[in-house]
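Reminder, nothing fancy here: chain letters follow the sequence lines and each chain counts from 1.
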Amino acid sequence: MKERVEKSVIESIKELYSLEPPPFKVEKPREEKYGDLSTNVAFLIAKKLHKKPQDIAMELAEHMSSSSGLGKVEAVGGFVNVKFSEELIREEFRKLLAEGEKYYRENLGRGKRVQIEFVSANPTGPLHLGHGRGAVVGDTLARLLEFFGFDVTREYYINDAGRQVYLLGVSIFYRYLQLFGREKERPDIEELFEKEGYKGEYVVELAKLLREAVGELLTEGKVGEAKERMLSYSYGFPLNYLPKLKGDSEVELCSAFGLDVMMDEIKRDLSDMGIEFDVWKSERSLYERGLVDKLIEELRRKGLVYEKEGALWLKTSEFGDDKDRVLIKSDGSYTYFASDIAYHWEKFQRGFEKVIDLWGADHHGYIPRVKASLKMLGIPEDWLEVYLVQMVRLIKEGREVKMSKRSGELVTLRELMDEVGPDAIRFVFLTKRSDTPLDFDVDRVKEKSSENPVFYVQYAHARISGVFREFRERFSEDPEKLKLTDKLDQLREEAEIKLMKKAIMMKDELVDVALRRDPHLITYALMDLSATFHNYYNHYRIIGVEEGKMLGRLALLMGVRNALRVGLKLIGVRAPEKM
RNA sequence: GGGCCCGUAGCUCAGAUGGAUAGAGCAGGGGAUUUCUAAUCCCCAGGUCGGAGGUUCGAGUCCUCCCGGGCCCGCCA
């Protein structure tokens, strides 16, 4: 609809003033009395034309009313307001009925290759709520861009190199020894565990699983034998790290084992949330392919690094960062920053035309240095978009729940999923902009009332399905098979026009959401449409009224159902037939 | 000390690129309903948009300063 108005405005301006209009706004006005869509274009060209905006608006409105076929066009205080005619609304709604989901699609992306990297949580512990939020936002963004014609790759970057993974191994080994009461025999392990180990309950579980596979072999230093046993043990999921293990210490064995188990668990958590990744990219593999070294070589060649105090520094400060950053520490090991740049460089080489990263908000200080380093590599500035995801607080009985039994600190995604299910989680995680903190009220989403937005929207869909069910029973005829597109003339009530309008105008909103990368607005559009529907449902009967009217109303509901389904599908929430 | 985000109704929040009398849900008050699901609907009340300046025809939105809250600022990962 927006497009139609835009077109008409441009044409009118050309005809009236032989002027190429500047970029102008077409948007939903604050209040309904100002019409359905409104434009500020008169303000923008007033200076150039040496005319008052009010006069321009009036001339435009007059021209547009007679030529556009949009409906009533009025000038109010310099704004040009369009109120769609019922004919136009029916025409669009007819298209919606005929095309179904396709009505909402548009090929904005034209196959442009976009990568969305999200979650990328360290595989050293279970996913917590913040990760879950990133997962939902990223997945919804991916769904949206796919819907609008982008070629989307969902990618998870696994930090499987470096110290954290080593510490995971230490922690598992320590807990394992503890199971046999023999942790005192390895004071080195004990000390490291006490200082930096992972203390969560899940590590004990890992240790128990390890014991099941190898018995007490590892308490006696029989690493080789233990490895054989672990490889032949049936865990019920594939092993990636254990078979490739090169080292032969207990800790390395435990690390590889821990990675395999944790990655499996993370994949399952995500999959149960309805999220599947196309690529699981291993940090370690970047090193193995020599990419990090190659990157440093490249930066050295460009003269962008220097040595200081035994470390290798990158001159990011010359490219917008507030200071230089270390790539290779004085002990010879690489920083995470080095592999992160290598990773983004690799993404660029893979041919993605646009890369979207979702990071935890605690990484915000990281953005300038990564952007600076990409600039150094000659990568265009708008190639990488980074969005931050803030933390989630869990609220129960009006109070914040801080501790998780499992992780020992933050509440895990799995725990919440078990309690409220993926639909509620996905919906609520999309009720606020991702870069602001979110409170998740567990009690609210368990309520079955209008206070619970998830149920409110799903219930709207279920109600429509209920009407169709009833129709099928009473008339032994499948409403899906009826040709209803020519029954729309029956819809004359104001509430019916309004409902049709909401359903067709959701398209503009979805396009906006995709372009703005603001997936949380989908939930608002859905709640708005649901409210309009519930309102209508309460005032009008569908079955039992005169036949023409009934069929018209069935058509109306069918279109609304389409809109609800598209919106729900985009946020990955089920559209139930019955509740 | 520097950086990022936030401050809008009692509460939780929408208000992208400056536009019309600042919106919604919940809570509060009042009402509806022989139903295709009452898991719903309607009405009322509620605001110095943290404060002060500035830019503009026009500022919740942009700029400066201040106040309040959160997060970050390693040769950590």
Counting the atoms with a prime plus P, OP1 and OP2 as sugar-phosphate, which does [X] contact under 4.0 Å by heavy atoms, base, sugar-phosphate, or nothing?
X: R163(A); result: sugar-phosphate
X: Y524(A); result: sugar-phosphate
X: A46(A); result: nothing
X: T335(A); result: nothing
X: F471(A); result: nothing
X: L521(A); result: sugar-phosphate
X: D435(A); result: sugar-phosphate
X: F468(A); result: nothing
X: K308(A); result: base
X: F440(A); result: nothing
X: M527(A); result: nothing

Where the side chain of [X] is defined as all heavy atoms beyond and including C-beta, which of [options] is the nearest nucleotide?
X: K25(A); options: A20(B), U17(B), U40(B); value: U17(B)
X: D518(A); options: C13(B), C36(B), G15(B); value: G15(B)
X: H539(A); options: U17(B), C42(B), C36(B); value: C42(B)

[N] base to [X] side chain: any donor-acceptor pair below 3.5 Å?
X: Q390(A); N: C71(B); result: no
X: S38(A); N: A20(B); result: yes
X: T436(A); N: C5(B); result: no
X: N81(A); N: A20(B); result: yes

Discussion item. Quick check on RNA chain B: between D512(A) and E309(A), whose nearest nucleotide comes earlier from the 5' end?
Written reply: D512(A)
Worksheet item: On RNA chain B, nearest-nucleotide positions of D439(A) versus I543(A): which is more 5'?
Response: D439(A)
For [X] and [N], is the shortest distance between a side-chain N/O and OP1 or OP2 below 4.0 Å?
X: Y456(A); N: C41(B); answer: yes
X: H520(A); N: G15(B); answer: yes
X: N535(A); N: C42(B); answer: yes
X: R463(A); N: U35(B); answer: no
X: K329(A); N: C76(B); answer: yes

Can you tell me, in whole Å, how much space there is between the [atom1] of [N] and that of [M]?
N: G50(B); M: G7(B); atom1: P; answer: 7 Å
N: C63(B); M: A22(B); atom1: C1'; answer: 22 Å
N: A27(B); M: G10(B); atom1: C1'; answer: 8 Å
N: A9(B); M: G29(B); atom1: C1'; answer: 16 Å
N: A59(B); M: C49(B); atom1: P; answer: 13 Å
N: A24(B); M: A45(B); atom1: P; answer: 12 Å
N: U64(B); M: U55(B); atom1: C1'; answer: 11 Å
N: G25(B); M: C43(B); atom1: P; answer: 10 Å

Value in whole Å for how far the [atom2] atom of [N] lies from [atom1] of [X]:
X: L529(A); N: C41(B); atom1: CG; atom2: P; result: 13 Å
X: R325(A); N: C76(B); atom1: CZ; atom2: P; result: 13 Å
X: L430(A); N: C13(B); atom1: CG; atom2: C1'; result: 15 Å
X: I395(A); N: C11(B); atom1: CD1; atom2: C1'; result: 12 Å
X: L44(A); N: U56(B); atom1: CG; atom2: C1'; result: 14 Å
X: L388(A); N: C5(B); atom1: CG; atom2: C1'; result: 9 Å
X: H364(A); N: C71(B); atom1: NE2; atom2: P; result: 11 Å
X: H363(A); N: C5(B); atom1: NE2; atom2: P; result: 18 Å

With both distances kept under 3.5 Å, what pairs with [N], Watson-Crick or G-U wobble?
N: C71(B); answer: G3(B)
N: A52(B); answer: U64(B)
N: U35(B); answer: none
N: C13(B); answer: G23(B)

Discussion item. Exactly one of Y174(A), Y166(A), F173(A) should register a ring pair (Phe, Tyr, Trp, His ring centres under 6.0 Å) with F193(A). Which one does?
Written reply: Y174(A)
Hey, are [Y] and [X] close enough side-chain-wise for a donor-acceptor pair under 3.5 Å?
X: H461(A); Y: R574(A); value: no
X: Y536(A); Y: E496(A); value: yes
X: Q390(A); Y: D435(A); value: no
X: Y456(A); Y: Q458(A); value: no
X: D331(A); Y: S333(A); value: yes

Fill in: side-chain hydrogen bond (donor to acceptor under 3.5 Å, both in side chains) pairs, two or more places apart, involving residues 360-370 of chain A
D340(A)-Y366(A)
Worksheet item: side chain to side chain donor-acceptor pair (under 3.5 Å) with N538(A): which residues, sequence neighbours excluded?
Response: none
Practice prompt. Validate the cation-pi geometry between K549(A) and Y540(A): distance from NZ or CZ to the six-membered ring centre under 6.0 Å, angle to the ring axis within 45°.
Written response: no
